[in-house]
Amino acid sequence: MSVKSRKRRQWPLLAGACLLAACVVILVGKSPFGAPFSWKDNTPAAAVATPLPTPPPREAVEFRMLDFDRGWVKYADGIAITEDGGSQWREALGTDITSEDTGDSLPIGGPIMELLSLEAGSASQDSPKLLSVTVGNASLQVKQSQFLTPRIGWVLLVSSKDSKNPLLITTDGGQTWVDGMTTEVKEAILKEKNHLQQLKMESALYGTKEDAKTVIGSKWKLVPDSAAPGDVVLVRHNEPGSITWLDKTYTLQPYGTGYFTYLPITMSAKPGKYPIGDQTLTIQPKKFETQYLKVTAQMESMKQDTGRIAADQKKIDLARSKSEPQFLFSGPFVQPVEGILTTPYGYTRYVNGKYDSSHLAIDLAAKEGTPIKATNDGVVALAETLYLTGNAIYIDHGMGLFSQYAHLSELRVKTGDRVKQGDIIGLVGTTGFSTGPHLHFAFWAHNVQVNPNLFFNTTPFRWVQPKG
C-alpha cells in the first residue's frame, strides 16, 4: 500500500480521537493533558436566597391580669391581650381595653382579694415581690409578679428568651411555675373560681361585711352564742363533721365555704355554759306564762282518738324527715298573716283545767278567708287535711328547718310546690282542733319546735351578736 493511501486511511482515526478528547473535556472539566479547561457560559446562574437575620424577641414592659381570664401584656410597640388566662394572646384593638384596665387606680386583684380577706389567714391585696422563680432546674429573673389569690399568680420574666409564653403561671402559691396553660392549671383555676363564687354567695347572707368576716374568718362560730330554751342557734364550722348536743347528733352540711347545722334549744335545756367546738354556748334561763282554755266536751274528746292522731303523725314525720341540703332562702322571713296574737310561743297550756302541753307556736287571730303568705322561699313538704290541725301546710326551708301553718280554711298549694317569700299558700280558717279563725304558726328545726319570733324580718345569718 502506498504512503499516500495509508495517510488517507489514518485521517478518520485522527478525527475520532479529537472528538473523543473534546467529550472528555466537557465531562470532567479538564483537558486530556491535565490542564484546567474553561469556557465562558452565557447561561444565567440560578438565584441563591440570602437568609434574613433572626429578629430579637419582643420584650415585654409590664402586664396585668384583670381577673382569672382577662389580662394584658404591654410591649414597646403595642399591647397583647388574653381572654383565657394566658393560653392564647392576640394584639389588642382600640376597643379591647380601657384606661381603667391599664390605669394605676385599679388595685391588682382588688375585688378578689377583698372577698378572700373574709377568710382567716388570707393574703393581703399586695402581690408578693418575687425576684426570681424556678422552672425545672433553671432560676429565672422576674420583672413583675401578680397574685389574684394566695394560690393563683403570674410572673413576667426579665428576658423573653426564657419562656415560650408571655407569662408563667402558678396554682400552688409559687412553689411551681408553668410555661403556658395546661389541663391541671385550668382545673385549679376553675376550682378557685368556684370557691370565690361560694364565698361571695355566703358572705351576701350576713347583715354586714364585718359580720361576714367575723363568721367566715372563724374556725367555729355560734350564731348567736347566747340563747334561751325554745331558741335555735346556727352553727358554722370550716370543716365537715358533726355535733352531739343534748344526746342528739347533728351533721354539719356544706354550704358556701363552710359547714352548717341548726342546734335547737329544747324547752328542757338547763341554763349554763356548753362547749361547742372551740366556742361556748350560754343558755340563759327563761320563764313562760300560763294559759287556760275552755273547750267543749266534743272538742276535748278529739284528742282521745289516738289512732287517727298517730296516723297523721306518721305523715308529718315522713314529710319532715327529708330536707334540702342547702339554705333555700336569702331574704328575711315575714309574718304569714297580720292578726291579733292570742297565744305567744312557750305558754304552758291548760285545757278545761287540766295540763295539756306547752304551746310551741304562735296563734294569730284573723278574719276567716284572710290570705296566708309563705314566710320565706322553700318547698312544700306536706299540704293535707289532718285530724287535729285541719288543713295544714309544712314548708321546707332547707337544712332541717320547716315552717308550719295550721287550721286553714283552704289550701292553695300542694306537696312538692316551690314557693317564694310572700306567695299566698292558703286562707285563714278554723278547721281541726280550733276555737275560732286563726293561724297556728310554728317553726321546726330538726323536728324540734322553736320560737318563730326569732325569724321575723331577719334570717339566722343575721343573728350575729355585736362584739362586747
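Model, not experiment: these values are computed from the prediction. Counting begins at 1 with the first residue of the sequence.
- A donor atom on one side chain and an acceptor atom on the other are not found under 3.5 Å apart for Ser163 and Asn165.
- Relative orientation of the Phe288 and Tyr345 rings is perpendicular, given thresholds of 30° and 60° on the angle between their planes.
- Between Asp67 and Lys193, no side-chain nitrogen of the basic residue sits less than 4.0 Å from a carboxylate oxygen of the acidic one, so the salt-bridge criterion is not met.
- His440 and Thr389 share no donor-acceptor pair across their side chains, judged by distance under 3.5 Å alone.
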Legend entry - Check against side-chain contact (heavy atoms from CB on, under 4.5 Å), Leu190 and Glu187: CA-CA 5 Å; Leu190 180 60; Glu187 290 176 351; 5.7 Å; no

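- A side-chain donor-acceptor contact under 3.5 Å links Asn376 to the backbone of Gly331.
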Inset, instruction - For Phe461 and Val215, run side-chain contact (heavy atoms from CB on, under 4.5 Å): C-alpha distance rounded to whole Å, both residues' side-chain angles, the deciding distance at 0.1 Å, then the answer. - result: CA-CA 9 Å; Phe461 290 92; Val215 178; over 6 Å; no

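- In this structure, the side chain of Ser242 does not engage the main chain of Thr251 through any donor-acceptor pair within 3.5 Å.
- Tested against Thr257 for a side-chain hydrogen bond (donor to acceptor under 3.5 Å, both in side chains), the candidates Arg236, His195, Gln197 yield a single pass: Arg236.
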Inset, instruction - Walk me through it: do Val232 and Trp463 pass the test side-chain contact (heavy atoms from CB on, under 4.5 Å)? - result: CA-CA 10 Å; Val232 60; Trp463 293 345; 3.5 Å; yes

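- Side-chain N or O atoms of His237 include none that pairs as donor or acceptor with a backbone N or O of Gly258 at under 3.5 Å.
- The shortest distance between side-chain heavy atoms of Tyr255 and Met201 falls below 4.5 Å.
- When atom types are taken as modelled, the side chain of Glu410 and the backbone of Leu427 share no donor-acceptor pair closer than 3.5 angstrom.
- Judged purely by distance below 3.5 Å, without hydrogens or angles, the side chains of Asp231 and Asn451 never pair a donor atom with an acceptor atom.
- Tyr347 and Glu289 form no side-chain donor-acceptor contact under 3.5 Å, judged by distance and modelled atom types alone.
- Between the side chains of His446 and Thr261, at least one donor N or O sits under 3.5 Å from an acceptor N or O.
- Classification of the Phe443-Phe333 ring pair by plane angle, with boundaries at 30° and 60°, yields perpendicular.
- Taking a cutoff of 4.0 Å between a charged side-chain nitrogen and a carboxylate oxygen, Asp317 and Lys314 do not qualify as a salt bridge.
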Legend entry - Worked check of side-chain contact (heavy atoms from CB on, under 4.5 Å) between Leu168 and Val135: CA-CA 9 Å; Leu168 303 185; Val135 179; 3.7 Å; yes

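- Leu66 places a side-chain heavy atom less than 4.5 Å from the side chain of Trp72.
- The environment of NZ in Lys143 is crowded: more than 12 heavy-atom neighbours from other residues, nucleotides or ligands sit within 6.0 Å.
- Atom CG of Leu234 sits about 5.0 Å away from atom CZ of Phe327, to the nearest 0.5 Å.
- Scanning all heavy atoms of the two residues, the minimum distance from Pro371 to Val337 falls at O-CG2, 3.8 Å.
- In this structure, a donor-acceptor pair under 3.5 Å is absent between the side chains of Ser409 and Glu368.
- With rounding to the nearest 0.5 angstrom, the CG atom of Leu93 is 7.0 Å from the CD1 atom of Ile81.
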